[in-house]
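Working notes for the structure below.
What you are looking at is a predicted structure, and each value in this text was computed from that prediction instead of being measured.
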Amino acid sequence: MTLKLYNTLSRKKEEFVPLQDKKVKMYACGPTVYSYPHIGNYRAYVFEDLLRRYLEYKDYDVTLIMNITDVDDKTIKASDGDKSKLLSITRRYEKAFKKGLSVLNVKNADEYPRATETIDEMVELIEELLKKKYAYKAEDGSLYFSIDKYPGYGKENLVHLNPDEMRAGERVSDDEYDKEGAHDFVLWKAWKEEDGDIYWETSLGKGRPGWHIECSAMSMKYLGEELDIHCGGVDNIFPHHENEIAQSEAASGKKFVKYWVHCAHLIYEGEKMSKSRGNIILLEDLIKKYSPEAIRLALLSTHYRSQLDLTDKKLKEAEGSIRKITDFMQTMERIRGEGRFVGPLSAGRPMELHKEFEEALEDDLNISEALSALYRTMRNANILKDEGDIGKEEAGQFLLELDHMNKVLGILPEKETEIDQSVYEMIRQREDARLAKDWALSDKIRDELFEMGYNLEDTPRGTLPKRRK
Ligand code: AMP
Ligand code: ZN
């Protein structure tokens, strides 16, 4: 089986073949740390985590780099041109961003380089562009990339602009602008009064980098001139990623990225989140009402290329699904623990699930199909077990399968499926003690289990161990 990914570059699903055998060099645009990340940002990070985890599940050796944009127009504005304020603000939001990643069980990137700590590499890259005549200096000392020097710009890359939209020679100094303003873009911004003491004295003059060059320099520093995958939200496609391609390829003469993979946006209760609407939703808002697992599942459940309308209803459903999965796991643990063998061994069912799950994800990470396979299998298995038709071997295989799938989904506590058989044995001894009205022994066993990290829960299916958080 081969993974197919939709490549924004070709506008097609393509077979994923990395540049180098089993190694994958992956870069994802990280946060601009001038305010708390919102839940939309986390959709992008959770999607990137899904992709990374799936590649690892397929035994690729993935190196993931995610940058921290801690100097740009927005961060400078938020810190009123005060460098120490810039540092304290950006570190605070970087910390919040990383905390959110850990709440949502997003695996760490290999590095999170900060723009302010990669200035030398940016200067070097701009020097190279100057040398090759792709860059030029404007009257105010800022350096610009000349889009008509780079033949593919806006024509055969991520965007296909019509020639009327291309205003080569005209310049744009803002980091963000729209397609109608496809101008020469800034690489290095000469110091202005409002920048205060936020500047670097370099061979390019006194100033600071433009946003786009930051990502080219940071990705190339850690991954080299050719990357397998570059991700981000769809808002990054233009101008950010188009500019990254232009400047990186102009400097290196090599194809910068093989697969560009973009996720669609998240909206909340049918509305685009925006400061002016006052409907920016943070992870902290949701965590008060829902478990991290349910939030992660809700962010994951919609295919990454479809817009996700996150609603209260979806989050509640996700909570229900998490409950169903954990219940199912506990039932399988109980069956396995009881050592009961009833009915024929049917390794077929867990294997079938395994196949359906993988087939779905191979198709451009079709997560909704993959999850449906899981829900369908659980429904069927629950009926079978009520009829006493699932034996301990099959229960064990289901547990292994869930564990395996969870490496990709990351929605269950990783060790949940590894509850030791001795725990079930102790629960059985406690049951015997209770039947014999030996309360002292029953309490002793309960306390021992508590020490081992388990609470006991009385459920309609009997007493089950629950790992303490
Ligand atoms: P920023 O901090 O704005 O630079 O964004 C960080 C990441 O979040 C980028 O990959 C953006 O494309 C992505 N992003 C921003 N807003 C949303 C949204 N509403 N839904 C999904 N991704 C988003
Ligand atoms: Zn970027």
Go through the side-chain N and O atoms of [X] and [Y] and say whether any donor and acceptor fall under 3.5 Å apart.
X: N67; Y: Y27; answer: yes
X: T63; Y: D110; answer: no
X: N236; Y: H262; answer: no
X: Y150; Y: E249; answer: yes
X: S291; Y: E319; answer: yes
X: D148; Y: S146; answer: yes

*Measuring from L104:CG to L283:CG, what's the distance to the nearest 0.5 Å?*
5.0 Å
Any ion pair linking [Y] and [X] (charged N to carboxylate O, less than 4.0 Å)?
X: K314; Y: E317; result: no
X: R208; Y: D73; result: yes
X: R376; Y: E352; result: no
X: K288; Y: E284; result: no
X: E359; Y: K355; result: yes
X: K206; Y: D195; result: no
X: K74; Y: D175; result: no

Donor-acceptor pair, side chain of [X] and main chain of [Y], under 3.5 angstrom:
X: S142; Y: A190; answer: yes
X: D82; Y: K85; answer: yes
X: T118; Y: E121; answer: no
X: K324; Y: Y375; answer: no
X: R11; Y: L158; answer: yes
X: D309; Y: E269; answer: yes
X: N279; Y: S274; answer: yes
X: S252; Y: S248; answer: yes

*Do K83 and W200 meet the cation-pi criteria used here (NZ or CZ under 6.0 Å from the six-membered ring centre, within 45° of the axis)?*
yes
*salt bridge (Lys or Arg N to Asp or Glu O under 4.0 Å) between D228 and K25, worked out*: CA-CA 5 Å; D228 292 291; K25 294 186 285 177; 5.6 Å; no
*Check K132 against A251 and note the closest heavy-atom contact, atom names and distance.*
NZ-O, 2.6 Å
*For residues Y136 and G169, report the shortest heavy-atom separation together with the two atoms involved.*
OH-O, 4.1 Å
*Should we count NZ of K107 as having more than 12 external heavy atoms under 6.0 Å?*
yes
*Quick one: sort the Y42 and Y45 rings into parallel, tilted or perpendicular, breaks at 30° and 60°.*
perpendicular
*Please work out whether the ring planes of Y93 and Y36 are parallel, tilted or perpendicular, with thresholds of 30° and 60°.*
perpendicular
*Taking C-beta and beyond as the side chain, do F398 and T377 meet within less than 4.5 Å on heavy atoms?*
yes
*asked:* Side chains of F145 and I213, heavy atoms from C-beta outward: is any pair under 4.5 Å?
replied: no
Please check if the distance between the ring centroids of [X] and [Y] is under 6.0 Å.
X: H404; Y: Y57; result: yes
X: Y144; Y: F185; result: no
X: Y60; Y: F16; result: yes

_Stepwise salt bridge (Lys or Arg N to Asp or Glu O under 4.0 Å) test for E94 and K98_ = CA-CA 6 Å; E94 179 185 320; K98 286 187 177 158; 3.0 Å; yes
